[in-house]
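Here's the structure, in structure tokens; my notes come after.
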2 protein chains.
Amino acid sequence: MTRIAIADDHPLITNSIENILNHTGYYTVCGTYESGESLLAGLPEVMPEVLILDYHLPDQNGAQLARSIAYYYPGIKILVLTGFDKPGLLSEMLESGCSGYLLKTSAKTDVLLEALQTICKGGIYIDKSLKEIFAENLHRTHAAQIKEEGLRLTKRELEILGLIVNELSSQEIADRLFISKKTVDNHRSSIIMKTGAKNNFALMKIAIDLKLI
Amino acid sequence: MTRIAIADDHPLITNSIENILNHTGYYTVCGTYESGESLLAGLPEVMPEVLILDYHLPDQNGAQLARSIAYYYPGIKILVLTGFDKPGLLSEMLESGCSGYLLKTSAKTDVLLEALQTICKGGIYIDKSLKEIFAENLHRTHAAQIKEEGLRLTKRELEILGLIVNELSSQEIADRLFISKKTVDNHRSSIIMKTGAKNNFALMKIAIDLKLI
DNA sequence: CCAGCCATAGGTACCAATCCCTATTTTACT
DNA sequence: AGTAAAATAGGGATTGGTACCTATGGCTGG
């Protein structure tokens, strides 16, 4: 019997999961919690193998909570449940030490058990419906890319932008590339004009978008 | 027989994977490619169900390549192979439409087959050893957090840093906070002194670390 | 072959940011 | 209540980046 704890502030969800798990014969629910605080207080006693964690608990940030638990109880595997996916949440939770990521809309019996099985074997389980979400985003970014083609930066401009955001002054860039500071300034102006950047910080954001950093 | 294509510039790896797959009886290798260009040229003819894609192809960026393929051939499932994990690569590849992410060091027979099985069923497979990498990072960030406590920025300084990196000039910040530009400049100096930042761009990086952006 | 783009370079002027100071008031902690 | 830290404000000098010009040599595609 694998011991599972559940943290969710909706008793209906907690009950539903508890029912599903108890009917398997493989899993036993050893604790249910409605807040981050009660969860942290209860964990040392029950020490489950897996924690099913709602991302949106009322009192604590889900990622921070997961980080704390993953840090202090490295043996506990965390399956995150979230009502809706937002960009970056998946990677944030994975990097916070979670082993699984499920949307509540897909958390039906078979999916939940499949996820738990994968996690218990030491694997990482990711909700399949994320593939569709990513695919939609692909179409969005593809459209944005085409739009950007118009005001594309030249090779030299990209090179100089890379140096700018690496904290070099125009003079330093000039020395490194064996060109005059004036030329660097001109390139800089072109970059600013093409990108519509207001100042250095806007440039930095663009560089981040272009993955120069 | 599920049709698999392989893109990797190391023939040894391609051969090894081909051998593994051919011995299963379930999979057949319908094409091998050593560059992004030849891959894109060959795909329309062979149309595999799964593409095993090396992230580090000589001629193209792995993420862009994956995006193109996921965009133009939404039916092809992509399993990414990478020699080493770097932060953000996993989420980048997932968001580029990939269904699986494997480190070459863990790509042994059983793992490879498990990954392919998951992917063919429409799932997402993530290398288990990433859990350990994430766990290490957890310890790093935790340590870094403690270290940063020493030269902590004051509330006001954090507030102003937030505005600075949101592209506001000192004057604009002064107007918004109803203080003089001089005060803003002084806070700016304190921030620069405390953080050791050389200029705006270093500040931006610090703000990113502090999650102000 | 020529038009257009790119990379190169310089001049001038302006403004924003930075450095190096001093100094007052407010807040927080002992 | 008293002290330290934080937030406020200013002067003056310097540096760095930006705007708006002109101009030339090299490469490329129609």
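For clarity, every value in this text was computed on a predicted model and none was experimentally measured. Letters A, B, ... mirror the listed sequences (proteins, then strands); counts begin at 1.
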Hey, does [Y] have a side-chain heavy atom less than 4.5 Å from the side chain of [X]?
| X | Y | result |
| --- | --- | --- |
| A/Lys104 | A/Asp8 | yes |
| B/Arg156 | B/Ile179 | yes |
| B/Pro48 | B/Leu43 | yes |
| B/Ile126 | A/Tyr125 | no |
| A/Ile17 | A/Leu81 | yes |
| A/Thr82 | A/His56 | yes |
| B/Leu94 | A/Phe134 | yes |
| B/Tyr33 | B/Val46 | yes |

Specify the separation, in whole Å, of atom [atom1] of [X] and atom [atom2] of [N].
| X | N | atom1 | atom2 | result |
| --- | --- | --- | --- | --- |
| B/Glu159 | D/dT8 | CD | P | 8 Å |
| B/Asp185 | D/dG10 | CG | C1' | 11 Å |
| B/Lys155 | D/dA6 | NZ | C1' | 11 Å |
| A/Glu167 | D/dG16 | CD | P | 16 Å |
| B/Ile192 | D/dT15 | CD1 | P | 17 Å |

Could you go over nucleotides 22-28 of chain D and give all protein N or O partners under 3.5 Å, atom names and distances?
none

query = Name the one of B/Thr118, B/Ile119, B/Leu53 that satisfies side chain to side chain contact (heavy atoms under 4.5 Å, CB included) with B/Leu79?
reply =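 So, applying the side chain to side chain contact (heavy atoms under 4.5 Å, CB included) to B/Leu79 and each of B/Thr118, B/Ile119, B/Leu53, only B/Ile119 qualifies.
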ask   = Quick one: does A/Ser16's side chain have a donor or acceptor within less than 3.5 Å of a partner on A/Leu12's backbone?
value =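 Absent.
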inquiry  = Whether the side chain of A/Lys77 engages the backbone of A/Pro74 through a donor-acceptor N/O pair (distance < 3.5 Å, no angle test) should be reported.
reply    =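 Answer holds: no.
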message = With the threshold set at under 4.0 Å for non-hydrogen atoms, list the residues of residues 171-184 of chain B touching DNA chain C in residue-number order.
response =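 Result for residues 171-184 of chain B: B/Lys182, sorted by number.
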request  = May I have all residue pairs that pass side-chain hydrogen bond (donor to acceptor under 3.5 Å, both in side chains) and include part of residues 34-43 of chain B, sequence neighbours excluded?
outcome  =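 Output for this query lists B/Ser35-B/Ser38.
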inquiry  = I want to check one thing: is the phosphate of D/dG16, taken as OP1 and OP2, less than 4.0 Å away from some side-chain N or O of A/Arg188?
reply    =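 Answer is no, no contact under 4.0 Å.
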task = Just jot down the side chain to side chain donor-acceptor pair (under 3.5 Å) partners of B/Asp127, sequence neighbours excluded, or say none.
result =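 Partners of B/Asp127 by the side chain to side chain donor-acceptor pair (under 3.5 Å) criterion, ordered by chain and then number, come out as B/Ser106, B/Ser129.
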query = If you fit an axis to the five pairs at each end of the helix from C/dC1-D/dG30 to C/dT30-D/dA1, how big is the angle between those two axes, to 10 degrees?
reply =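 Here the local axes at opposite ends form an angle of 60°.
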key: Start and end of the DNA chain C segment that chain A contacts, any atom under 4.0 Å from a heavy atom   =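 On DNA chain C, the outermost contacted nucleotides are C/dC6 to C/dT12.
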